[in-house]
Amino acid sequence: MKALRDAFGDEILALGRENPNVYVVDCDIGKSCKTLEFARQLPQQHLNVGIAEQNAAGVSAGLATCGKIPFVSTYAAFGSMRMCEQIRQEICYPRLNVKIACSHGGLTPANDGASHQAIEDYGIMRTLPNMTILVPCDYYSCRSLIRAACQWDGPVYLRFTRDPVPFIYRESDQFEIGRARTVREGGDVAIIAAGAVMSLALQACDLLHSQGIEARLLDMHTVKPLDTAAVTAAIQEIGRVVTVEDHNIINGIGSAVCEVAAGLGRGVVKRMGVQDQFGESGPYFDLLEKNGVTAQSIADTARSLVTGEN
Amino acid sequence: MLDNMDMKTALGETLAEEMRKNSSLVLVGADLMGANGTWPLHGEFPDRVINVGIAEANMVGVAAGLAACGKLPVCDTFAAFMARRDYDQVFISVAYAGLNVKLIGSDPGVAAEMNGGTHMSFEDVALMRTIPTMTVVEPCDCAQLRQAVKAMLEVKGPVYLRLYRKKPHKIYEDGCRFSLGRADCLTQGRDATVIAAGMMVWNALQAAEQLNQEGIHLRVLNMHTIKPLDKAAIILAAQETGAIVTAENANYFNGLGSAVAEVIAENSLSVPFQRVGVRDQFGEVGGTSYLMERFQLTASDIAQAVKSCLKRRQIH
Amino acid sequence: MLQNNKVLSLEETAIALRKTLLTTIYKAQSGHPGGSLSSADLMTVLYFDELRLRPHQPKWPERDRFVLSKGHVCPVLYACLAMRDFFPMEELDHLRKFGSILQGHPDMKRTPGVDISTGSLGQGVSCAVGMAIANRRDQNPGRVFCLLGDGETNEGQVWEAAETASKYQLDNLILLVDHNGLQNDGTCQDIMPPRDLAEKFRAFGFQTYQIDGHSIPAILDVFERIRAHQGGQPYAVIAKTVKGRGVSFMENVVAWHGQAPNEQEYLQAIQEIEEGLS
Amino acid sequence: MLTEERRAFLTQRARQARALTLEAIYRVGRGHIGGTMSIAELLIALYDDVMRVDPSNPSWPERDRLVVSKGHAAPIVYAVLAMKGYFDPKLLDTLNANGTTLPSHCDMRKVPGIDMTAGSLGQGLSAAVGMALANQMDHRDSYVYAIVGDGESQEGQVWEAVMLAAQRKLEHLIVFVDDNGCQVDGFTGDILNMRPFDQKYRAFGWHAIYVEDGHSFDQILDAIHQAKQTPDRPHAIILNTVKAKHVPGAENTYQSHCFSLTREQLDNSLRNL
């Protein structure tokens with residue numbers, strides 16, 4: 001178990017040491033976002049603009065025009081909502097090479113409650129042209145994708161989560177932006193997931209397997225550009241899809257998959273995630289359960305698609 | 001009377017009528033009240049029209065405070081700023097706080113015309129749709145706007161109204177019926193359905209006329225309320241007409257088209273479906289008709305999408 | 001004497017600039033003449049004397065950068081860039097036209113010489129701060145000039161940016177406030193009183209100057225004082241200006257914030273600007 | 001000038017507020033200790049001595065309102081509200097618990113007596129300005145009080161709100177800046193120095209008072225009194241405070257912003273009070 005924000009802290013330090021143009025722009029929460037070591041070792045590549053996220057986005061745009069690769073580091077709620085206008089206007093529209101690296105995605109700032117939980121962050125980002133969105137699910141894929149983001153020329157939104165999550169991949173696994181990863185192969189139902197809920201989806205696959213149902217599990221770590229080939233294959237080869245995400249069911253992976261399915265004119269999709277309601281303070285997995293996201297419920301939903309029961 | 005009116009004038013008149021009836025109604029703007037037709041009300045209601053200057057985030061915060069004290073604030077600015085610049089404020093200070101604040105965003109999509117990409121809002125509907133408890137409305141002409149404004153003021157909770165502020169094509173008669181969350185069926189065809197909102201309703205009707213001449217009879221649904229979505233009308237349309245095309249003056253990610261796609265995929269409707277909308281691009285300067293061509297939003301584009309759906313239906 | 005010649009020559013340039021920008025707006029039949037005219041003298045001294053630029057190498061890394069935070073007055077910027085040969089004068093005829101390199105608000109991806117895209121007020125100042133920090137860190141001698149409106153200081157982001165500039169002691173950053181006293185919906189005094197802007201910027205850690213924004217000698221002088229000054233502080237120049245300056249019927253009239261002249265108005269405006277020469 | 005007896009009473013109340021807060025945070029395991037402890041005296045002064053409120057009628061329209069813009073200070077606000085009788089102090093045991101009505105940041109929909117939801121910094125002052133405007137429009141003489149953090153003042157929205165309040169001459173708006181000199185990542189002076197606050201507020205047209213000791217009831221109450229005597233301008237009272245005041249070992253450290261209290265630290269603090 002290791003947290004994705006730690007993957008950020010480790011990888012950004014490595015990247016910063018390799019490339020003096022890699023900058024971190026903090027908004028007074030470097031401690032939680034794991035950038036303190038970067039700040040200590042690479043002070044020349046570090047800024048802290050204080051509690052002024054809008055300004056951080058603008059400052060980073062300015063840095064990028066001067067050839068820097070700034071990673072704005074904040075919480076997902078602020079990195080998406082508070083900076084929304086600035087990201088669109090100053091970063092996406094001019095297609096500047098700024099990375100928005102956010103910890104505390106989804107419901108993971110569980111105790112902080114609704115104001116700090118980001119249940120709409122990558123939905124917002126998905127609506128912005130030129131934006132690439134990465135939602136890694138474990139420590140190793142996270143590090144690999146941060147490196148890929150750094151090499152990618154253009155705006156990238158990275159969503160990390162707060163608490164330790166199980167290892168799913170090996171250190172040597174490499175990840176490519178825009179290419180979904182098949183975690184489990186199966187032909188009865190497809191589960192498409194990303195982020196910290198991946199471990200629940202894996203458990204669901206095990207539950208289904210014990211009932212004789214084989215699920216194909218896709219790690220959709222790149223929410224945009226969507227790997228439409230992988231989604232199309234799932235719909236054409238299987239036709240039954242469950243999407244699982246720690247995000248509002250509106251505008252996230254579920255909606256993106258529905259767009260593809262509806263466009264194909266076939267298949268059925270069930271979206272699992274935050275049920276278009278605000279979060280609250282509470283333990284993370286309880287909050288997910290309140291929104292109907294547990295290993296058991298994922299398995300039940302998938303099975304009902306296979307058996308045709310509702 | 002309404003035939004020759006700008007929508008911003010209709011907005012100003014309607015709000016003035018309502019302000020005379022309801023003393024708690026206040027207007028809060030951010031230096032664009034002139035553009036949106038609300039600044040003239042300052043004369044009659046000097047104490048109830050507040051211009052906070054160029055500080056949109058502050059505008060929404062101020063409105064939240066007013067609402068917390070029992071006022072009924074209506075905020076206005078350009079759609080681009082209302083959705084993006086104020087997003088965190090709308091989310092937390094208004095929606096999460098459960099405050100009764102109404103938001104009007106003008107110059108949606110290509111209507112921003114000469115202001116170009118920075119001001120062209122293709123994402124406002126999507127952003128607002130992701131906020132729990134938010135109602136999203138996009139009326140298509142002056143008569144419908146008047147009813148929509150009244151409905152917006154009556155319903156409790158945050159509402160985002162997407163306003164075309166110039167002179168629209170007339171579709172409805174004054175005093176028309178309007179029901180939040182219930183789509184209007186404008187033509188009764190059975191061959192395919194076009195679901196449109198705002199400026200695109202006119203284009204959809206034009207497409208219906210074009211196709212009519214070719215013997216294809218369209219059903220046009222005016223989905224003026226994008227959230228909560230009229231799912232029943234969509235399911236019925238799929239069952240009765242067997243093909244669905246959506247038409248929106250917005251990014252085709254996350255807006256009306258995506259909302260309809262969600263209903264189709266989740267209900268396993270398995271009908272040919274296509275989205276007409278801006279294909280994940282930023283705007284640019286130009287006149288409305290030019291931009292509609294540029295972003296493939298015209299009546300012909302809609303007709304084309306309908307035909308390709310019909311072709312797919314034959315193949316399957 | 002030399003100084004006198006320079007002043008005279010710049011004053012002539014300012015007239016040419018005003019004519020060019022008005023012609024550009026007239027031909028486009030769209031644009032913002034009021035704020036373009038109020039900042040024309042500042043822009044003249046910047047683009048024809050103060051800024052270190054290479055028009056044929058617009059991305060010269062050591063250039064002085066210019067951020068038009070009040071992006072809607074881009075006609076004055078486009079006119080300067082064309083007159084300095086960043087692109088052919090003919091391009092001005094395509095302002096706000098489809099496919100043009102000259103968008104309704106500055107677009108760095110399309111227009112040579114535009115250092116950052118702007119258009120949503122308040123954001124440019126943050127960008128300028130970012131540039132100044134980068135230059136400082138790279139020991140790049142390029143300075144960053146940023147023109148913003150007085151109404152624009154309503155945006156909290158301006159003050160966020162000011163705090164940061166002060167923290168990083170950005171004495172390579174010069175903010176120029178075009179203090180023309182009018183904003184979109186009315187006078188600044190009515191909409192949001194700017195109060196003493198110099199005092200505000202001082203309170204946020206700036207070295208401040210107040211000048212007549214239409215006096216070429218005063219503008220030259222303030223830049224000279226800034227160059228000579230060493231204080232580890234960012235600079236704010238509050239330039240008192242007149243919106244629509246140079247055209248009698250546009251001066252101090254809110255309506256000319258964002259409206260193009262018709263033919264008769266255009267001809268009269270050009271005549272008045274030329275007469276201002278004598 | 002307070003009587004000796006009154007001062008002792010208020011001091012005792014602040015002690016109780018701190019104890020309730022620390023115990024509640026200890027029960028959750030972790031919480032915002034620094035910024036709650038720095039405003040204990042201010043909250044007691046407001047609720048016990050200054051504000052016109054009726055705990056049995058939290059939505060009384062004529063009440064004075066308080067916006068705690070630094071919404072993470074909620075635990076001590078809840079403690080004081082409970083002490084005032086807005087709800088049963090036993091409820092404090094549920095702070096941040098599953099299904100609680102007392103979430104970590106101030107929530108007007110769940111907690112009787114909370115006048116504004118807050119949590120994303122910088123937004124509360126705008127709301128307070130809106131409230132004061134509404135009172136002004138309705139000719140109510142109620143006051144609106146707001147507590148803004150020193151770090152929080154880096155949010156541009158704070159200055160957007162400050163400009164508007166000055167323009168509208170909101171003389172019944174009193175804002176307290178909790179100038180404890182610490183923010184999450186470090187000392188405010190190192191991260192982004194906003195001092196001197198009084199000069200900034202004056203430059204923006206406010207009546208500003210600097211309070212040398214933000215934990216002295218006499219000085220706090222005297223400043224509020226002065227504010228109420230000064231017409232035509234909103235008021236900023238800059239309170240020089242100590243982050244994590246009265247928590248041994250944590251005082252004046254920015255690490256005290258949010259941390260886990262050990263049993264020993266809790267006992268020490270409670271003894272120290």
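Because only heavy atoms are used, hydrogens play no part in the values below, and waters and symmetry mates are left out as well, while side chains stay in. Each chain gets a letter, A, B and so on, in the order its sequence line appears, and its residues count up from 1.
If you check the side chains of A:Ser80 and A:Glu120, you find no donor sitting under 3.5 Å from an acceptor. Checking A:Ser297 against A:Asp300 by side-chain atom types alone, no donor-acceptor pair falls below 3.5 Å. Side chains of A:Tyr93 and B:Thr118: a donor-acceptor N/O pair is absent below 3.5 angstrom, by distance only. Side-chain N/O atoms of B:Ser258 and A:Ser255 include no donor and acceptor closer than 3.5 Å. Side-chain contact annotation: A:Asn251 with A:Arg126, donor-acceptor N/O pair under 3.5 Å absent. Side-chain contact check for A:Tyr75 and A:Asp112: no donor-acceptor pair (N or O, by modelled atom type) lies under 3.5 Å.
Of the listed residues (B:Phe81, B:Phe282, B:Phe273), the one with the most heavy-atom contacts under 4.5 Å to chain A is B:Phe282. Looking only at heavy-atom pairs under 4.5 Å with chain A, the residue among B:Val271, B:Val263, B:Asp280, B:Ile264 that has the most is B:Asp280. Counting heavy-atom pairs closer than 4.5 Å to chain B, the top residue among A:Arg82, A:Met131, A:Arg88 is A:Arg88. For chain A, the option among B:Glu123, B:Gln274, B:Glu266 with the highest count of heavy-atom pairs below 4.5 Å is B:Glu266. Chain B forms more heavy-atom pairs under 4.5 Å with one residue of A:Gly239, A:Gly123, A:Gly252, A:Ala114 than with any other, namely A:Ala114. With chain B as partner, the option from A:Gly254, A:Ala77, A:Cys92 having the largest number of non-hydrogen pairs under 4.5 angstrom is A:Cys92. Note: A:Ile250 leads A:Val274, A:Val257, A:Ile250 in heavy-atom pairs under 4.5 Å with chain B. Taking chain B as the reference chain and counting heavy-atom pairs below 4.5 Å, the highest number among A:Gln89, A:Gln277, A:Glu259 is found for A:Glu259.
Heavy atoms of A:Asp276 lying under 4.5 Å from chain B belong to its backbone as well as its side chain. When heavy atoms are compared at a cutoff of 4.5 Å, B:Arg279 does not approach chain A at all. With a 4.5 angstrom heavy-atom cutoff, A:Ala261 touches chain B only via side-chain atoms. Interface remark: B:Ile131 contributes backbone and side-chain atoms alike to the contact with chain A (heavy atom separation under 4.5 Å). With a 4.5 angstrom heavy-atom cutoff, B:Glu262 touches chain A via backbone and side-chain atoms both. When heavy atoms are compared at a cutoff of 4.5 Å, A:Ile235 does not approach chain B at all. In this structure, no portion of A:Gln275 lies under 4.5 Å from any heavy atom of chain B.
For the side-chain contact (heavy atoms from CB on, under 4.5 Å) criterion with B:Ile302, the lone passing option out of B:Thr246, B:Leu297, B:Val276 is B:Val276. Each of A:Ile100, A:Ile124, A:Val98, A:Val135 was evaluated against A:Tyr157; a single residue qualifies, A:Ile100, per the side-chain contact (heavy atoms from CB on, under 4.5 Å) test.
What you find for A:Val72 and A:Ser60 is that their closest heavy atoms are CG2-OG, 3.0 Å. Counting all heavy atoms, side chain and backbone alike, A:Phe278 lies closest to A:Ile119 at CA-CD1, 4.5 Å. The two residues A:Asp227 and A:Gly178 come nearest to each other via the heavy atoms CB-O, 3.4 Å. What you find for B:Ala30 and B:Ala55 is that their closest heavy atoms are CB-N, 4.4 Å.
You'll find the side chain of A:Thr132 stays beyond 4.5 Å of the side chain of A:Lys224, heavy atoms only.
Remark: B:Met120 CE to B:Asp107 CG distance equals 8.5 Å, nearest 0.5 Å.
For residues 226-234 of chain B, a heavy-atom distance under 4.5 Å to chain A picks out B:Lys227, given by residue number. Residues of residues 82-101 of chain B having a heavy atom under 4.5 Å from any heavy atom of chain A, listed by number: B:Arg84, B:Arg85, B:Tyr87, B:Asp88, B:Gln89, B:Phe91, B:Ile92, B:Ala95, B:Tyr96. Of all residues in residues 247-256 of chain B, those placing a non-hydrogen atom less than 4.5 angstrom from a non-hydrogen atom of chain A are B:Asn251, B:Tyr252, B:Phe253, B:Asn254.
Comment: A:Arg271 does not engage A:Glu245 in a salt bridge, judged by the lack of any side-chain N to carboxylate O separation of less than 4.0 angstrom.
Take B:Phe122 and apply the ring-ring contact (aromatic ring centres under 6.0 Å, His included) test, not counting sequence neighbours, and it matches B:Phe295.
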